[in-house]
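I have placed the structure first, in the form of structure tokens, so that the comments after it can refer back to it.
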Amino acid sequence: MLHERLSSIYENVLRRNPGEIEFHQAVREVLESIGPVLGKHPEYAESKIIERICEPERQIIFRVPWEDDRGEVHINRGFRVEFNSALGPYKGGLRFHPSVYLGIVKFLGFEQIFKNSLTGLPIGGGKGGSDFDPKGRSEREIMRFCQSFMTELYRHIGEYTDVPAGDIGVGGREVGYLFGQYKRITNRYESGVITGKGLTYGGAQVRTEATGYGCAFFVDEMLKARGTSFEGKRVVVSGSGNVAVYTIEKIRQLGGVVVACSDSSGYVVDEKGIDLDLLKQVKQVERQRMNVYAERRGSQAVFVSGRSIWEVPCEVAMPSATQNEITGRDAGLLVGNGCVAVGEGANMPTNPEGIRVFQEAGVAFGPGKAANAGGVATSALEMQQNASRDSWTFEFSENRLQQIMRDIHARCLNTADEYGMPGDYVAGANIDGFKRVADAMLSLGLI
Ligand code: NDP
């Protein structure tokens, strides 16, 4: 239910952004949480802070022409939405996936504002990407695409302006090509212009692992708050990309057993626990599909296609693939099978009905804004190291990450308590993230 004033703001968002359903969903979820804040802080309404937060500061859409290995020319569309810079330079990843359109980039950029605020670090919110499909493309094609993308993007970004990173379809390889082209065009070795770089050219220890590790740390805190831990728990992780792989790695170190993971072709169940070395070989080195993992693993792993991974019984679920991958039905299955905690590694992977099912069943539900904030937090640490021409050790960086995740967890819980919604991490994350941005916007005047 939306507070009356928020309801009219939401109607306006629908009218001004037609067809952008993911963006509508992301806005609605935040507006549903912040009603109680307006009662305590009338100054936010007087300065139209919420209306301003829902409107990006700048939206850039551009043409990306590139040539494939056969000499055929392709045209893709590039996006960068610079959503809010009250707390620092716009910060958020780039997604290369055929489903990308303005509504996806705006939902991700909007979420990023509150996530970045929750980290307590000086970063604003933005996001970008392209409808380019990297699947099946050669190394050279990927490089040419990245170079063309950056040939336009470079004029909009900078260490003090807007700092992109990776997301779906954009990993270390793509970040390297993007940074290389930026350097070439500008003739500046401006390391802090992009994060997720390789360790040999300005990247930070633990950035690759950060989102997955951070999500596991966050769920560990949720479990501890309920007097339990990962030790011996059955866990299902969707996806098998950057976030999923390092979520699996950390859960194993924390004593959990990950029995299933997936890609868009299907899922694998491996009752003895996913073999991480084999998974990395198949997905990161060979860039193969999930069935290849099952074939190599032999009789103990089963590959299933065309069904939902959430039917696999588990005590902890970590959706780490894409938006709206857990529906109300999936959530019902998970609850019925004894799931006690959910940590969103992906952005908005649970739809509104799914969130309702989890919360009504008393499942500890960690929303992506909080649970996957370790990635962007470590990106901010990469910017800090670049600015000071320094590089920290793996151990030091991981400790910083763990402390940041503990702080985010505590802030979510404390804020939810303060507003009379104990244990509601969604409300806690939205309210806490919102307030910090709103206060900064008030201080900065009408900009
Ligand atoms: P990757 O590209 O490394 O991996 C994505 C994984 O999800 C792949 O296994 C992919 O399978 C699967 N997937 C993607 N789209 C779909 C789909 N439509 N249906 C089914 N499976 C799909 O991306 P990341 O691991 O970086 O990102 C995963 C999620 O985490 C995204 O929601 C992203 O926004 C979020 N996130 C990422 C951060 C980061 O630091 N990378 C930070 C915070 C959030 P396939 O290969 O078959 O497409």
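Indexing begins at 1, ligand by ligand and atom by atom, following the structure's order. Note that these values count all heavy atoms, side chains included, but never hydrogens, waters or copies made by symmetry.
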* **side-chain contact (heavy atoms from CB on, under 4.5 Å) between L254 and S229, worked out** => CA-CA 8 Å; L254 293 171; S229 74; over 6 Å; no
Just distances here: any N/O of [X] and N/O of ligand 1 closer than 3.5 Å?
X	result
N242	yes
N372	no
K115	no
T211	yes
D167	yes
Q323	no
K127	no
S264	yes
G169	yes

Numbered atoms of ligand 1 (with element) below 4.0 Å of [X], judged on heavy atoms:
X	value
R95	31 (C), 32 (O), 33 (C), 34 (O)
G239	9 (O)
A346	29 (C), 30 (O), 32 (O), 35 (C)
R207	40 (O)
G345	30 (O), 35 (C), 36 (N), 44 (C)
S240	9 (O)

Would [X] and [Y] count as having a side-chain donor-acceptor pair, cut-off 3.5 Å?
X	Y	value
E344	N372	no
Y177	Q147	no
E398	Y213	no
R207	S397	no

I need the minimum non-hydrogen distance between [X] and [Y], along with the two atoms involved.
X	Y	result
K115	G368	CE-O, 4.2 Å
L178	C146	CD2-O, 3.4 Å
C54	F23	O-CZ, 3.5 Å

* Asked: Under a 4.0 Å heavy-atom limit, does H97 contact ligand 1 with its side chain, its backbone, both, or neither?
  ->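 Side chain only.
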* To do: Of the side chain and backbone of Q112, name the one, both, or neither that has a heavy atom under 4.0 Å from an atom of ligand 1.
  =>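 The answer is neither.
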Applying a strict 4.0 Å limit to heavy atoms, is [X] in contact with ligand 1?
X	value
K135	yes
M348	no
Q288	no
G171	no

Indicate, with yes or no, if the rings of [X] and [Y] have centres closer together than 6.0 Å.
X	Y	answer
Y90	F83	no
W66	F149	no
H74	F132	no
Y189	Y201	no

* Any protein heavy atom nearer than 4.0 Å to atom 10 (C) of ligand 1 ->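 When distances to the protein are checked, atom 10 (C) of ligand 1 has no heavy atom within 4.0 Å.
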* Taking the six-membered ring of F145 (Phe, Tyr or Trp), confirm whether the NZ or CZ of R137 is under 6.0 Å from its centre and within 45° of its axis. =>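 Verdict for F145: no cation-pi partner in R137.
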I need the nearest protein heavy-atom contact for [atom]: residue, atom name and distance, please.
atom	result
atom 23 (O) of ligand 1	I168 CA, 3.4 Å
atom 17 (C) of ligand 1	T322 CG2, 3.5 Å
atom 44 (C) of ligand 1	N347 ND2, 3.4 Å
atom 25 (O) of ligand 1	V243 N, 2.9 Å
atom 6 (C) of ligand 1	G241 N, 4.0 Å
atom 46 (O) of ligand 1	R289 NH1, 3.7 Å

Cut-off 3.5 Å, no hydrogens considered: what does the side-chain donor-acceptor table look like for residues 161-173, sequence neighbours left out?
unit_1, atom_1, unit_2, atom_2, d
D162, OD1, R80, NE, 3.2
D162, OD1, R80, NH2, 2.7
D162, OD2, R80, NE, 2.9
D167, OD1, K127, NZ, 2.9
D167, OD2, R95, NE, 2.6
D167, OD2, R95, NH2, 3.2
R173, NH1, E139, OE2, 3.0

* Closest candidate by heavy atom, reference atom 13 (N) of ligand 1, pool G214, S262, A165, A321 ->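 That would be A321.
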* To do: Keeping to residues at least two apart or across chains, list the ring pair (Phe, Tyr, Trp, His ring centres under 6.0 Å) pairs with something in residues 285-317.
  =>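 Non-adjacent pairs meeting ring pair (Phe, Tyr, Trp, His ring centres under 6.0 Å): zero.
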* **salt_bridge(E382, K197) N-O dist < 4.0 Å** =>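 Result for this pair is yes, salt bridge flagged.
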* **Residue pair Y425, F365: steps toward the side-chain contact (heavy atoms from CB on, under 4.5 Å) verdict** => CA-CA 7 Å; Y425 290 93; F365 179 79; 5.8 Å; no
